[in-house]
Amino acid sequence: MKSDTQPPIEVLRRHGKTFAFAGLFLPQQILADSSTLYAFCRHLDDLVDGQVDTPTVLAELRETEAALAGITLGPERLQAFINMAERTGLNLDSARQLVAGMEADLSPVGIEDRRQMLRYCYQVAGTVGEMMCAVLDIEDRRAHPHAVDLGIGMQLINIARDVHEDALAGRRYLPADLCPLSPTEIASWKPSEQPFIADARRKLIELAEVFFENGERGFKYIEPRSRFAIAVAARAYRQIGRKLLKDDRLSCPNRVFVGALEKARLALSSGWDLLINHGLARNRKTRSTPIAWHGGAA
């Protein structure tokens, strides 16, 4: 991996403001381990997004896979993640799936249907949910499908939010059965094409809500203090989706985010709901049955 002298907690604070805010409510050791996991994921994401030499990036990803498999010794940042995984019992199969998802981004991306999109979401985000189960010291395997669904919900929001930015990089994660436009057509953002984009984004956000609901049903497996932190992160992501739906500029290339005051309000409401309901989604009904992803298989 490329050298990065920033401590993992600083990487989290600089690049993952939503997760850093939620991390304020985590026990110290879990925050440290979460930061190590985030730094690992962030490096891979930056490596692929900033690629100018595909063969070199692919070679580094392959080196990462070899280190995760125990074939070679990785650089310091990667070895810190592997050491954390060994200490917490984190399954490195999930990390290897994440790397595989990143490799797919090295080629032109044009998702064909929702099933392919969800498989991609599992690889790059559902796997992170799986790994967080170990970081949070959750031993009950019944929590894993919920953690995966929470990660998928977050990734669906990322896709909906970053449609224009991704198109400029030659990628279309919106499935063709929802949006038949090419990345070039999306990047041009012509008025005649905006309804396709707006409708596809709306459907993705609605689908994300289903995954968030099922993800929240797994909060009961998390220790109370950590449960609150995860609830705050989940609600902040859901709020991004809801703002996209309410924004009159939905069909314009604007990046939506949740500000500090909104995060504080979401933290207060999350605490209240957890106090009253002992789980944010316990008594809610989903609009449809969520797809349960066990090891990435629908």
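Every value quoted in this text rests on a predicted model; they were computed, and no experiment measured them.
Surrounding CZ of Arg225 are more than 12 heavy atoms belonging to other residues, nucleotides or ligands, all under 6.0 Å away.
Cluster membership for Leu24 and Val232, using ILVMFWY side-chain heavy atoms within less than 4.5 angstrom, is shared. Under a hydrophobic-cluster definition in which Ile, Leu, Val, Met, Phe, Trp and Tyr are linked whenever side-chain heavy atoms come within less than 4.5 Å, directly or via other members, Ile159 and Leu168 are assigned to different clusters.
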For this session: With side chain to side chain contact (heavy atoms under 4.5 Å, CB included) as the test, would you mind laying out the steps for Leu68 and Ile82 before giving the verdict?
Result: CA-CA 7 Å; Leu68 292 172; Ile82 293 172; 4.1 Å; yes
For this session: Let me see the working for Leu118 and Leu207 under side chain to side chain contact (heavy atoms under 4.5 Å, CB included), right down to the final yes or no.
Result: CA-CA 10 Å; Leu118 291 173; Leu207 179 61; 4.2 Å; yes
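Taking 4.0 Å as the cut-off between side-chain N and carboxylate O, Asp177 and Arg114 count as a salt-bridged pair. Taking the charged nitrogens against the carboxylate oxygens, Arg14 and Glu10 have no contact shorter than 4.0 Å, which rules out a salt bridge. The residues Asp149 and Arg217 are annotated as not salt-bridged, no charged nitrogen and carboxylate oxygen being separated by less than 4.0 angstrom. A salt bridge links Arg238 with Glu209; the closest basic N to acidic carboxylate O contact falls under 4.0 Å. Salt bridge present: Arg142 and Asp140 bring a charged side-chain N and a carboxylate O closer than 4.0 Å. Of the charged side-chain nitrogens involved, at least one lies within less than 4.0 Å of a carboxylate oxygen, so that Arg171 and Asp49 count as a salt-bridged pair.
Within the 3.5 Å criterion, the main-chain N or O of Pro195 finds no donor-acceptor partner in the side chain of Asp199. Checking side-chain atoms of His144 against main-chain N and O of Glu130 turns up no donor-acceptor pair under 3.5 Å. Here the side chain of Gln123 pairs no donor or acceptor atom with the backbone of Leu98 at under 3.5 angstrom. Side-chain N or O atoms of Arg172 include none that pairs as donor or acceptor with a backbone N or O of Val109 at under 3.5 Å. Distance alone, capped at 3.5 Å, places no donor-acceptor pair between the Ser107 side chain and the Ala104 backbone.
Checked by atom type, the side-chain pair Asp93/Gln97 shows no donor-acceptor distance below 3.5 Å. No donor-acceptor contact under 3.5 angstrom links the side chains of Gln116 and Tyr173, judged on distance only. Residues Tyr120 and Asp105 have side chains that bring a donor and an acceptor to within less than 3.5 angstrom of each other. Side-chain contact, Glu213 with His146: no donor N or O sits under 3.5 Å from an acceptor N or O.
Ring-centre distance between Tyr237 and Phe19: below the 6.0 Å cut-off.
Here Leu156 contributes atom CG and Lys203 contributes atom NZ; the two are 14.5 Å apart, rounded to the nearest 0.5 Å.
If you run side-chain contact (heavy atoms from CB on, under 4.5 Å) between Val48 and each of Leu61, Val124, Val99, only Leu61 comes through.
With contacts defined as side-chain heavy-atom distances shorter than 4.5 Å, the pair Val11/Ser35 does not qualify.
Between Phe25 and Phe228, the angle of the ring planes goes over 60°, which puts this pair in the perpendicular group of the 30/60° scheme.
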